[in-house]
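What follows is a single structure, and I will ask about it in a moment.
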There are 2 protein chains.
Amino acid sequence: MKQKFRSNCPISSALDLIGDKWSLLIIRDMMFSGKKTYSEFSNSNEKIATNILSNRLSMLEELEIINKGKLEGNKKTNIYSLTQKGKELLPIIMEIAQWSDNNLNDHLQDGAKPFVSKFKSDKEEFVQNMYTLFEKREG
Amino acid sequence: MKQKFRSNCPISSALDLIGDKWSLLIIRDMMFSGKKTYSEFSNSNEKIATNILSNRLSMLEELEIINKGKLEGNKKTNIYSLTQKGKELLPIIMEIAQWSDNNLNDHLQDGAKPFVSKFKSDKEEFVQNMYTLFEKREG
DNA sequence: GATTTTTACTTGCATTATGAAAGTTATTAC
DNA sequence: GTAATAACTTTCATAATGCAAGTAAAAATC
């Protein structure tokens, strides 16, 4: 784990870890689409290159943002899941979504509006509901 | 403005604009250190290269996240300021700070703790107080 | 008013990261 | 046994970043 932090600023340090163009999109897909395998991530709307995907999955695992596991009876498919550290990225992602919803209206479609709306009206509740959903998925 | 968005997802789109390792640090310095000139940004703890700084300032200006102006009687120094769109990045930055505060304890010093604490205990109030501070700076 | 310093950059080049496409290996399905 | 799937790795082109030095205009100093 060659963590070359630029400083000990919490913002700078977080960006050193997850401040690239792909990491948060993988987390997004895990959170909102329930994706958990390599091929599911590979089919994202944004067409991540497979070498980058592979690299990001191992980085996120090394950072303990995600876990890598298997299902019993299947030696082939890797199942990725969010750790607590990973789940706690939700508020960041939602604030990003809200910012875009407020400020990128020229570009964005209205598809995400109801979703972001719920977050806006009660952030605490939204986040708690999502955390409950994460637990439900884990069974 | 060659905006090559990877998709119309609000999260992906925001990352297309500000999802690099430097943009949010410039914004951070404007918000929390009141920095407003090229040379002030240049002296950040993280040692941004001058060509990157120059590039990011013009990109952020093009995106209408910051404004570029002058003070009367000074033809030399450029004064950069946050637009509304830029100020609204505060909640994202604070959630990032909170995440680091919660999850990067091995790395971070305790300097930022009281600051993040205030955000944790009442986010709404913290954000409003900062917005008031921004206005005060603008005079 | 000439010289130095400051401010805000730009340029050139090395290094690193990303992107696209094809290839590889192990596992599972047929 | 053969084909398809899942999860990668490799190669190579392109783009982004980092470093060092240089430039030009304005301001401060002598």
Side-chain angles (χ1 to χ4, degrees), chain A residues 1-7 12-13 15-26 29-30 33-63 66-81, chain B residues 1-7 12-13 15-26 29-30 33-63 66-81:
Chain A
M1 218 197 292
K2 45 150 190 175
Q3 287 183 355
K4 313 179 270 192
F5 288 110
R6 286 170 292 180
S7 74
S12 161
S13 299
L15 293 174
D16 287 334
L17 301 182
I18 52 155
D20 68 283
K21 297 226 181 277
W22 291 109
S23 294
L24 282 183
L25 295 191
I26 294 171
D29 285 348
M30 295 178 85
S33 307
K35 291 186 185 178
K36 47 191 184 308
T37 67
Y38 188 93
S39 44
E40 283 171 337
F41 298 127
S42 206
N43 290 335
S44 82
N45 226 342
E46 292 88 7
K47 301 294 170 213
I48 185 170
T50 57
N51 54 347
I52 306 292
L53 174 57
S54 174
N55 174 267
R56 288 310 122 86
L57 286 173
S58 52
M59 292 194 81
L60 290 171
E61 193 193 356
E62 200 169 17
L63 294 169
I66 63 175
N67 282 321
K68 184 180 187 173
K70 302 267 188 192
L71 293 179
E72 47 186 331
N74 185 332
K75 294 181 189 172
K76 194 179 175 182
T77 308
N78 290 324
I79 304 292
Y80 295 94
S81 59
Chain B
M1 219 196 291
K2 44 151 189 172
Q3 287 183 354
K4 311 179 272 190
F5 288 109
R6 286 170 292 180
S7 75
S12 162
S13 299
L15 294 174
D16 288 335
L17 302 182
I18 51 155
D20 69 282
K21 298 224 180 275
W22 292 108
S23 294
L24 282 184
L25 295 191
I26 294 171
D29 286 347
M30 296 179 84
S33 308
K35 291 186 183 178
K36 46 192 186 305
T37 67
Y38 189 92
S39 44
E40 285 172 335
F41 298 127
S42 208
N43 291 335
S44 80
N45 227 340
E46 293 87 8
K47 301 293 170 215
I48 184 169
T50 58
N51 55 346
I52 305 291
L53 174 57
S54 174
N55 174 268
R56 287 312 123 83
L57 286 172
S58 54
M59 293 194 81
L60 290 171
E61 192 192 358
E62 200 169 17
L63 293 170
I66 63 176
N67 282 321
K68 184 180 185 173
K70 302 267 189 194
L71 292 180
E72 48 187 329
N74 184 331
K75 294 180 190 172
K76 194 178 174 183
T77 307
N78 290 324
I79 304 291
Y80 296 93
S81 58

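Computed from a predicted model, the values in this text were never measured in an experiment. Heavy-atom basis, side chains included; hydrogens, waters and symmetry copies ignored. Letters A, B, ... are given to chains in the order of the sequence lines, protein chains preceding strands, and every chain is numbered from 1.
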Between B/Trp22 and D/dA16, does any side-chain N or O lie under 4.0 Å from OP1 or OP2? no
Students often get this wrong, so: under 4.0 angstrom with heavy atoms, is B/Thr37 touching a base, only sugar-phosphate, or nothing? sugar-phosphate
Please report the distance, rounded to the nearest Å, between CZ in B/Arg56 and C1' in C/dA8. 17 Å
Please work out if A/Tyr80 contacts a base, only the sugar-phosphate, or nothing of the nucleic acid, heavy-atom cut-off 4.0 Å. sugar-phosphate
Round to the nearest Å and state the distance from B/Ile79 atom CD1 to C/dT7 atom C1'. 11 Å
Under the side chain to side chain donor-acceptor pair (under 3.5 Å) test, residues paired with A/Ser44 that sit two or more places apart: none
Using whole Å, what does the distance between atom P of nucleotide D/dA6 and atom CG of A/Leu57 come to? 15 Å
Taking CG from B/Asn43 and P from C/dA8, how many angstroms apart are they, rounded to a whole number? 11 Å
Measure from NZ on B/Lys70 to P on C/dA8 and round the result to the nearest Å. 8 Å
CG/A/Asn78 to OH/A/Tyr38 distance, rounded to the nearest 0.5 angstrom? 10.5 Å
Rounding to a whole Å, what distance do you find between A/Tyr38:OH and C/dA26:P? 17 Å
When every nucleotide of nucleotides 19-30 of chain D is labelled 5' to 3' by its protein contacts under 4.0 Å (heavy atoms), B for base, S for sugar-phosphate only, - for none, what sequence of letters results? B-B----BS---
Map B/Arg6 and B/Asn55 onto DNA chain C by nearest heavy atom, then report which one ends up closer to the 5' terminus. B/Asn55
Taking only the side-chain nitrogens and oxygens of B/Ser39, find out if one of them lies under 4.0 Å from OP1 or OP2 of C/dA8. yes
Here the distance between atom P of C/dT18 and atom CD of A/Glu46, to the nearest Å, is 16 Å
Hey, could you give me the OG/CG distance between A/Ser13 and A/Leu17, rounded to the nearest 0.5 Å? 7.0 Å
Qualifying residues under side-chain contact (heavy atoms from CB on, under 4.5 Å), relative to A/Asn55, sequence neighbours excluded: A/Met59
Results of side-chain contact (heavy atoms from CB on, under 4.5 Å) for A/Thr37 - residues two or more places apart only: A/Ser39, A/Glu40, A/Thr77, A/Ile79
What pairs of residues pass the salt bridge (Lys or Arg N to Asp or Glu O under 4.0 Å) test when at least one of them lies in residues 42-56 of chain B, not counting sequence neighbours? B/Asp20-B/Arg56, B/Arg28-B/Glu46
I want to check one thing: is the phosphate of C/dT7, taken as OP1 and OP2, less than 4.0 Å away from some side-chain N or O of B/Lys36? no
Sequence-distant partners of B/Lys35, salt bridge (charged side-chain N to carboxylate O under 4.0 Å, His left out), two or more places apart: B/Asp29
Which part of the nucleic acid does B/Lys68 contact within heavy-atom distance under 4.0 Å: base, sugar-phosphate only, or nothing? sugar-phosphate
What is the distance, rounded to the nearest whole Å, between atom CD1 of B/Ile52 and atom C1' of C/dA8? 16 Å
